[in-house]
Each structure stands twice: as C-alpha cells, then as structure tokens.
Amino acid sequence: MSLSPEDAAKFVAEAAGGDRAAWEKLVDAYGGLIWAITRNHRLRHGDAADVSQTTWLRLLENIDRLTDPGRVGAWLATTARRECLRLAARHKRTVLVADEVELDTDPLRAHTPELDDALLLAERDEALRGAFESLPPRCRELLRLILLDPAPSYEEISAAVGMPIGSIGPTRGRCLDKLRILVKTSGIESASARSL
Amino acid sequence: MSQEGLGFEQGSEGSETGGRNPWRTPEVEGGSVESVPDSVREAARRAFDARPRDALVADLTFDSLLDGDRRATADPDQRTLRFGDSDAGADVTVTTAADGERVTVCVQVLPPQACKVEIRSSQAPTTTASTDETGLLEYTLPAGLMSMVIRPVRAPEPRPLHTAWVRV
C-alpha cells in the first residue's frame, strides 16, 4: 500500500525539518511511481534518471510550502509528468527507448546456464511480458502504475497518466481483460497470470 | 559544497552508450513492472544533502520549451528560462553546443546588481563566479542538471537565492 495521507504528511513535515529517515521513507514510497512515469514516457535511461532526480530535487525545493502534504504522491506524479514533457519538448520528439534489451538477442541471457525451473519461469515471464507489450499504449501505461508495489492511490495514478480518477477503475478492468485474453491465446498458464 | 553532496553520480549519462545497460532489471513476478534502478534510488536519497538551507528558492517560472512560443525566440537553439520574478530572480538563456555535450548559460540577475554565483552541476564540480555590476554573467558547463546559488554583494547581505534545479 502507498502511504496514508496522514503518514505522507508526517514524513513530509519530518523531512522538511531535516529528518533523513523520513526523506528515505518518501523515496521508498514514491520512487517506483516516478520511475514508472518516466518509463511510460519512453525516456532513455539517462533522461529517466534525470527526470527522477529533478522531481526529487523539486520536492526538496518545495517541501516546506506544499499546500497539501498528505497528497505529496499526486504532487510528485504531476511534477514527474511535467518534467517528462519538458524533456520530450527538449528533444522535439519523443525518443524511443534505446535501452530496451531484446530478449531474443540478449547474449547474456542466451549463454547463462539456468536450472530448468528457472528457465521455465523465465519463459513464462517473457510470454507474459510479450502479452503485456501487445496491449495498447494507454493500457500499458495504466497497468505499469497499477502493478507497482507499493500500489499508488487512484489520485496518484490520475496525476501520473493524466486520466480522470473516475475512468481509472473501468479502464483498468478493460485492460486486464485484454491482458487475460492475450495471455490465454499465448498459452501461458501460471499463478502470476491468474492472479492478475 | 562538494559535488558528492549533491546526490549525483558522475557520468551516469555516459553509461548507456556502453552497449548493454547495467541498470536493466528483470521483470518482477506478475507483470511488466520495472523496479527502480539502485543508482536512481540512491541518487534520490542523496538529493537530501542538496536541499536548500537558509536560501530563498527561485522557482522555474518560465521555460520557453513548455511555456513559450518558440517563434518568439530568434535562435531556435536558444532556450530561455526565468527563475523567480523581477524582485528576486534571474533570466537565463541556454545555448547548447553543436555536439550537445556543453551548454553556454547567460544569466541576468533580477533586479540587476553585482552578485557572487555558485554554479552547481550534476556533471561537474561546483564553481563560483561573479557577475558584473549589472548582474550579468556568462559561463559554460556540461549538459546536465544545473542550479545556481546567487548571493548579492551588498550590505546587509540578503538571503541567497537558490534557483530550481533544471536540466540544461
């Protein structure tokens, strides 16, 4: 679970007062959310790392003047999304990720001896990932956020993908249905697929 | 402040040119969720050391990339930024070198006045420079995240101005 508004406000206040442990709790709680937003914008790794860092520095610049510290997650998501757009504008076009490892051609993966079980798991994950990559972009963006651990709140997801809160539940349902069908047609039967 | 204290990792940009990406993490069980690379998480933790203390923060209030009409700029390779406002701030133009690796930054402190400026970068050690009497300063630095701490040279010494971090 993501932080409750009470905990979020508490950690923000403590971090503003110089408490490093509270800051690290915020990083642990929301780092994944920010990273997923950079992935949704298909930024190269270096750009994504810069957006993440800029977002955290922006929070530090504003930490003692947030209007609603309990909603810092949504604030971070909005900030990260805006920084992604800034970078995209800088490159004048959205740059495709250069660092996607092609699973079929990844030499390390091909030459690493693995136990049968691990191999089967890897194959299943690849198939699941293949199904995921076949989803429409909007579904991938939404599911990438929903599957995060800790799971963001709907308000945070709304800020991250720019979708009204009321649309998230229904869209999530439709996207998961699509994923189930894709998984079924690719013949994956696994606990992880069923648990979606 | 030492660069180590700024929460950055030197040369993180260049690493992706080395072919395989060392940060690429395997998909986690259950779906295509990529966990945050350790280097990114560590940088976020260390950013705490770079928090502005005893300084006013001048927010990024204008960025021609997002807010402006680029046609208004004579040179399309030039980006204009404003931090803060005319009572306490800076106008900045950033020109990127042809190779994309270095930028030239031209600063006009607002209101115009002589200042000492600490230039902080994710890619270079912190340096200090002085504006002229009218608050003008030009310098070059590697492309990356940048922030300035601007200290007006007058008595009584006012609180320094910390410009929001921005990727240039």
Side-chain angles (χ1 to χ4, degrees), chain A residues 15-16 18 20 23-24 27-28 31-32 34-36 39 44-63 65 82-83 85-87 89-90 98-101 106-108 121-122 125-126 128-129 132-133 140 143-144 146-149 179 191-193 195-196, chain B residues 6-9 11-17 19-24 26-37 39-53 55 57-60 63-67 70 76 79 96 122 143-145 147 162-168:
Chain A
R20 176 180 299 273
W23 175 256
E24 291 182 352
V27 171
D28 289 344
I34 293 171
W35 190 249
R39 301 330 273 164
R44 292 178 308 149
H45 184 280
D47 288 345
D50 277 355
V51 164
S52 167
Q53 190 71 348
T54 306
T55 303
W56 287 111
L57 289 162
R58 198 72 77 232
L59 176 59
L60 284 168
E61 290 158 4
N62 288 279
I63 197 155
R65 46 185 176 141
R82 188 169 165 84
E83 291 304 322
L85 296 176
R86 196 188 305 279
L87 262 194
R90 187 169 179 270
D99 55 10
E100 291 274 20
V101 174
D106 182 348
L108 270 192
L121 271 177
D125 287 351
E126 282 182 36
L128 191 57
R129 182 173 167 183
F132 184 87
E133 294 303 327
R140 287 203 303 266
L143 292 185
R144 203 172 271 141
I146 281 170
L147 295 174
L148 282 175
D149 180 23
L179 185 59
S192 79
S195 71
L196 283 174
Chain B
L6 296 180
F8 298 110
E9 203 174 78
S12 62
E13 270 267 285
S15 313
E16 68 192 10
T17 56
R20 280 183 49 77
N21 179 347
W23 289 283
R24 182 75 190 188
E27 302 296 321
V28 299
E29 184 82 357
S32 276
V33 180
E34 193 184 342
S35 55
V36 186
S39 60
V40 171
R41 188 179 294 271
E42 274 311 303
R45 290 179 169 201
R46 289 198 307 271
F48 194 62
D49 297 322
R51 67 190 185 279
R53 279 172 276 195
V57 174
D59 293 322
L60 181 54
D63 180 350
S64 60
L65 278 182
L66 283 186
D67 309 315
R70 289 185 67 84
R79 176 180 175 194
T96 306
S122 60
L145 305 190
S147 163
H162 165 120
T163 65
W165 283 93
V166 63
R167 156 107 173 232
V168 294

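Throughout, protein chains are lettered first and strands after them, A, B, ... in sequence-line order, and every chain is numbered starting at 1. The analysis underlying the following values was restricted to heavy atoms, covering all of them including side chains, and did not include hydrogens, waters or symmetry mates.
Judged by distance alone, with hydrogens and angles left aside, the side-chain atoms of A:W56 form no donor-acceptor pair with the main-chain N or O of B:F48 at under 3.5 Å.
Across B:A50 and A:L57, no two heavy atoms sit closer than the pair CB-CD2, 4.2 Å. When all heavy atoms of B:P52 and A:L60 are compared, the closest pair comes out as CD-O, 4.0 Å. Residues B:W165 and A:R58 come closest through the heavy atom pair O-NH1, 2.6 Å. Closest non-hydrogen pair, B:A43 versus A:Q53, comes out as O-NE2, 3.1 Å.
Looking at B:D59 and A:R65, a side-chain N of the basic residue comes within less than 4.0 Å of a carboxylate O on the acidic one, giving a salt bridge.
Using a 4.5 Å heavy-atom threshold, the side chains of A:E61 and B:S147 count as separate.
Interatomic distance, CZ of B:R167 versus OG1 of A:T54, reported as 8.0 Å (0.5 Å rounding). Of the inter-residue distances, the one linking A:L87 atom CG with B:L65 atom CG reads 9.0 Å to the nearest 0.5 angstrom. Once rounded to the nearest 0.5 Å, the distance linking CG of A:D28 with CZ of B:R41 reads 5.0 Å. Separation of atoms CZ (B:R46) and CD (A:E24) is listed at 11.0 Å; rounding is to 0.5 Å. Note that CG of B:D63 and CZ of A:R82 are 8.0 Å apart. Values are rounded to the nearest 0.5 Å.
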